[in-house]
Novice: 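Submitted below is the structure of interest, expressed as structure tokens.
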Amino acid sequence: MDYSWFWKKLDQFLVENSLKQTQQRKQVIECFLKAEPHIDAERVYEDVHHLNPAIGLATVYRTLNLLNEAGLVLQCQFRDGRVIYELKVPDTHHDHLICTMCQMIVEFEDKEIEKRQEIIADKYQFRLTSHRLDLFGICSSCYKNSTQV
């Protein structure tokens, strides 16, 4: 995947906020970009620690928070309390199905849901600026395993 848009937006954010791009920050970001779509800070830390043991968990958290402030990642907290991060690709949107047993996350897009949200917002005279839809349930694998007990 081409991440040139990401690095350009990050460089702009760093300049605007008088921050520098450090080698450790860059390594954390590269690990994040190579990771699965929904990842927590601890997993990013495990990945980057193999490359550079000098990078601590605090550096990972600071970097992910910086990316959130720059509008480059979404930071989501689900029912289990864990915070996950995902890349915020411009001009895209998706929602989530989350298994409450295995924590699997499935992304989906549905034009009818998007249209319905606009209708509801209009009905209540709201101008939508953003939204997030997370549906919780039990995936088919977990459901099968729980009924076989």
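Excluded from the calculations below are hydrogen atoms, water molecules and symmetry mates; all remaining heavy atoms, backbone and side chain alike, are included.
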Novice: Could you tell me whether the side chains of His38 and Gln103 share a donor-acceptor contact shorter than 3.5 Å?
Specialist: no
Novice: If you group Ile, Leu, Val, Met, Phe, Trp and Tyr by side-chain heavy-atom gaps below 4.5 Å, do Tyr61 and Leu33 land in one group?
Specialist: yes
Novice: Check whether Arg25 reaches the backbone of Lys20 with its side chain - one donor and one acceptor, N or O, closer than 3.5 Å.
Specialist: yes
Novice: For the side chain of Thr100 and the backbone of Gly137, is there at least one donor-acceptor N/O pair under 3.5 Å apart?
Specialist: yes
Novice: Dump the intermediate steps for side-chain contact (heavy atoms from CB on, under 4.5 Å) on Lys26 and Trp7, then the final yes or no.
Specialist: CA-CA 10 Å; Lys26 189 173 181 181; Trp7 293 106; 4.1 Å; yes
Novice: Are any of the side-chain heavy atoms of His94 and Glu86 separated by less than 4.5 Å?
Specialist: yes
Novice: Are Ile84 and Leu74 connected in the hydrophobic side-chain network, where two residues link if heavy atoms are under 4.5 Å apart?
Specialist: no
Novice: Heavy atoms, side chains only, cut-off 4.5 Å: are Thr59 and Gln24 in contact?
Specialist: yes
Novice: For residues Leu87 and Tyr85: do they belong to one hydrophobic cluster (side chain heavy atoms under 4.5 Å, members Ile, Leu, Val, Met, Phe, Trp, Tyr)?
Specialist: yes
Novice: Dump the intermediate steps for side-chain hydrogen bond (donor to acceptor under 3.5 Å, both in side chains) on His93 and Glu109, then the final yes or no.
Specialist: CA-CA 7 Å; His93 175 76; Glu109 296 176 25; over 6 Å; no
Novice: If the plane angle is over 60° it's perpendicular, under 30° parallel, otherwise tilted; pick one for His49 and Tyr45.
Specialist: tilted
Novice: For side-chain hydrogen bond (donor to acceptor under 3.5 Å, both in side chains), just list the numbers for Tyr3 and Glu30, CA-CA rounded to whole Å, side-chain angles, deciding distance to a tenth of an Å, and then say yes or no.
Specialist: CA-CA 10 Å; Tyr3 293 111; Glu30 287 171 349; over 6 Å; no
Novice: Linking I/L/V/M/F/W/Y whenever their side-chain heavy atoms sit closer than 4.5 Å, directly or via other members, would Met104 and Met101 fall into one cluster?
Specialist: no
Novice: Ignoring hydrogens and angles, tell me if any N or O in the side chain of Asp2 forms a donor-acceptor pair with the backbone of Ser4 under 3.5 Å.
Specialist: yes
Novice: For residues Phe6 and Val89, determine if any side-chain heavy atom of one lies less than 4.5 Å from a side-chain heavy atom of the other.
Specialist: no
Novice: Taking a hydrophobic cluster as the set of Ile, Leu, Val, Met, Phe, Trp and Tyr residues connected by side-chain heavy atoms closer than 4.5 Å, whether directly or through intermediates, do Ile29 and Val15 fall within one such cluster?
Specialist: no
Novice: Find out whether Gln75 and Leu67 are in side-chain contact, i.e. whether some heavy atom of one side chain is under 4.5 Å from a heavy atom of the other.
Specialist: no
Novice: Given Leu64 and Phe32, is the side-chain contact (heavy atoms from CB on, under 4.5 Å) satisfied, shown in steps?
Specialist: CA-CA 9 Å; Leu64 292 172; Phe32 171 77; 3.9 Å; yes
Novice: Using side chain to side chain contact (heavy atoms under 4.5 Å, CB included) as the criterion, point out the one residue from Val106, Ile105, Leu135 that pairs with Ile98.
Specialist: Ile105
Novice: Can Arg132 and Asp134 be counted as an ion pair, charged N to O under 4.0 angstrom?
Specialist: yes
Novice: For a 4.5 angstrom cut-off between non-hydrogen side-chain atoms, does Asp40 reach Val83?
Specialist: no
Novice: Are Asp110 and Leu133 close enough that some pair of their side-chain heavy atoms sits under 4.5 Å apart?
Specialist: no
